[in-house]
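Here's the structure we're looking at; comments come further down.
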Number of protein chains: 2
Amino acid sequence: MTNTGGRKPDEGERYRAILETAARLICDRGYEGTSMQEIAAACRMTKAGLYHHIQNKEQLLFAIMNYGMDLFEEQVLSRVQDIANPVERLRACMRHNILLVTRGWSKEVIIILHEHATLTGETRAFIDARKKKYVDFLEEAFSQASQQGLIRPVDPTVGAFSFLGMVLWIYKWFKPDGRLTDEQIADGMVGMLFPPFAAVGDTAGQAGPSPLRMVPSVSATGTDSEDA
Amino acid sequence: MTNTGGRKPDEGERYRAILETAARLICDRGYEGTSMQEIAAACRMTKAGLYHHIQNKEQLLFAIMNYGMDLFEEQVLSRVQDIANPVERLRACMRHNILLVTRGWSKEVIIILHEHATLTGETRAFIDARKKKYVDFLEEAFSQASQQGLIRPVDPTVGAFSFLGMVLWIYKWFKPDGRLTDEQIADGMVGMLFPPFAAVGDTAGQAGPSPLRMVPSVSATGTDSEDA
DNA sequence: GCGCTGCTACCTACCGGTCGGTAGGTCTCC
DNA sequence: GGAGACCTACCGACCGGTAGGTAGCAGCGC
């Protein structure tokens, strides 16, 4: 939909409130399991009143997902993409992403994760393209880290999707009142996938054929103590 | 078409065919997005005919999930649970589980993964209990592997859910005709989470440096059953 | 052989309710 | 007085589920 800009001060505000309310319900009950009637009621409106603001149900989901992608890029990607050291970049990214999932601020992000096959056609392609930018970002980081000998060599795609699986699967099992805090989970997973990798000198050329050791590549470690 | 020929169509056989047909549809369209009408038609029956075999829609989903858990236990758990070395157990388990997800034989398993919050009440609790047995199995293996110094020390719960995330997230992105085969993914992920971790005084001399701070405590369990 | 009974496997026809969505009116505020 | 914001009232299609009927078959006494 074409955005008319700031006609009224709270025009966008109202729309965003609808997205957030709808997201809360859809996150709980699923897209197909949530009726427009319920969404309208949660917005303290009738269904016809809701339809004054949105085009149809599918466009509503599309808007929620785009909003979720905006939030993700703001709270994760933008905060880590300038870190020079690829492993530190991945560590910080993993930490931010885990906390984005565990802290329930953005139901929109959870909807993106769960309803991965609900949209079809152009809207599906658009969201998939935004997701792919994140995968590309991770693959690039894994590729750099591998080449610089900062991690054990791994196919960048396998690395990226292993990263994503560990991090994003959390929405299916994490309970805020469980034994483990989200910080502990973040520490554990970062330590597991990106352990301190003290490279040592090796005989063979770079990207050593040995599955066990790799080239030092020296002097790459500059950034320190990236905080979450 | 209704006649399967020969003797009695075996009531269990017919019922299982219904579960598999329903699973195919639900896997494609989601539980809420699939109507009983569609399921009945796919079974070449009317809706009332379908209801002769099942109790209601929720019980159908419950039956599908139990069937999926049976398949999982048969094709993954039962094949690895007797492996003595905990790391080899985890490696073999990961490989079997990945192939179970990538090869689309069991749509029921995918439904278990995707519809993790669709059931409620007792049926939900029952399936969750069956899932928990798998988590316990993984935690135990991680715990043993940590204690025996075969892997970098990690909280067993974090280890188990990292394992599960990497493996089970695959259903959301894997395409059989993609660049990577499922075998390559399995190799990559196994190598990533369970790299050759040289315990002290091991064979293959180069194992020595072992890029870590932690000392692999136990010197026993040098058994390297490179099998699965 | 014959009808009869009991049973499974399905059918047609239908239930009350809800779905996503809309036509057209009213209210309020600039 | 015009433009959004929101309403009542309603649409046809479809939802999960059921009442009640029927075709086919196995077993039965006779």
Side-chain angles (χ1 to χ4, degrees), chain A residues 1-23 25-26 28-65 111 115 118-121 123, chain B residues 1-23 25-26 28-65 111 115 118-121 123:
Chain A
M1 287 295 287
T2 55
N3 196 341
T4 55
R7 191 78 47 101
K8 288 186 178 180
D10 60 348
E11 186 175 29
E13 198 70 29
R14 186 87 183 90
Y15 183 68
R16 217 181 60 182
I18 289 174
L19 291 191
E20 288 173 1
T21 301
L25 263 69
I26 292 176
D28 283 349
R29 310 197 227 276
Y31 173 76
E32 302 277 6
T34 308
S35 72
M36 298 302 281
Q37 189 79 256
E38 291 172 314
I39 293 171
C43 293
R44 284 186 274 271
M45 268 191 281
T46 61
K47 198 167 49 161
L50 172 62
Y51 269 96
H52 175 74
H53 297 275
I54 68 165
Q55 191 176 342
N56 54 43
K57 197 182 183 186
E58 185 186 342
Q59 287 293 323
L60 172 62
L61 178 60
F62 181 57
I64 288 172
M65 287 188 172
I111 291 172
E115 306 286 352
T118 304
L119 289 178
T120 57
T123 51
Chain B
M1 203 46 129
T2 54
N3 195 345
T4 54
R7 65 182 73 177
K8 193 181 290 182
D10 190 6
E11 59 194 7
E13 197 71 29
R14 186 85 183 90
Y15 183 67
R16 217 181 61 181
I18 289 174
L19 291 191
E20 288 174 1
T21 301
L25 263 70
I26 292 176
D28 284 349
R29 308 198 228 277
Y31 173 76
E32 302 275 6
T34 308
S35 73
M36 299 302 281
Q37 189 76 258
E38 291 173 313
I39 292 171
C43 294
R44 293 185 193 84
M45 268 192 281
T46 61
K47 199 168 48 161
L50 173 62
Y51 270 97
H52 174 74
H53 297 275
I54 68 165
Q55 191 175 343
N56 55 43
K57 196 182 182 186
E58 186 186 342
Q59 288 292 324
L60 172 62
L61 178 61
F62 181 57
I64 288 172
M65 286 188 173
I111 291 172
E115 306 286 351
T118 303
L119 289 179
T120 58
T123 50

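Below, read A as the first sequence line, B as the second, and so on, with proteins coming before strands; counting in each chain starts at 1. Nothing here was measured: the structure is a model prediction, and the numbers come from that model.
Across all their heavy atoms, B/Leu50 and B/Ile18 have their closest contact at CD1-CG2, 3.8 Å. Between A/Thr123 and A/Glu58, the closest heavy-atom pair is OG1-OE2, 3.1 Å.
For the pair A/Thr46 and D/dC7, the criterion of a side-chain N or O lying under 4.0 Å from OP1 or OP2 is met. The side chain of B/Arg14 contributes an N or O atom lying less than 4.0 Å from OP1 or OP2 of C/dC10.
With DNA chain C read from its 5' end, the first of the two nearest nucleotides for B/Lys47 and B/Leu50 is the one closest to B/Leu50. Nearer the 5' end of DNA chain C, as judged by each residue's closest nucleotide, is the contact made by A/Gln37, out of A/Gln37 and A/Ala48.
The stretch residues 52-63 of chain B touches DNA chain C through B/His52, B/His53, each having a heavy atom under 4.0 angstrom from the strand.
Atom CZ of A/Arg29 is separated from atom C1' of C/dC19 by 15 Å (rounded to the nearest Å).
B/Leu60 contributes atom CG, which lies 11.0 Å from atom CD of B/Gln55 (distance to the nearest 0.5 angstrom). Taking CD1 of A/Ile39 as the start and NZ of A/Lys47 as the end, the distance is 11.0 Å to the nearest 0.5 Å.
Heavy atoms of B/Ser35 sit under 4.0 angstrom from primed sugar atoms or phosphate atoms, though from no base atom.
Between B/Ile111 and B/Thr118, every side-chain heavy-atom pair lies at or beyond the 4.5 Å cut-off. A/Ile54 has its side chain out of reach of A/Gln59: every pair of non-hydrogen atoms, C-beta onward, lies at least 4.5 Å apart.
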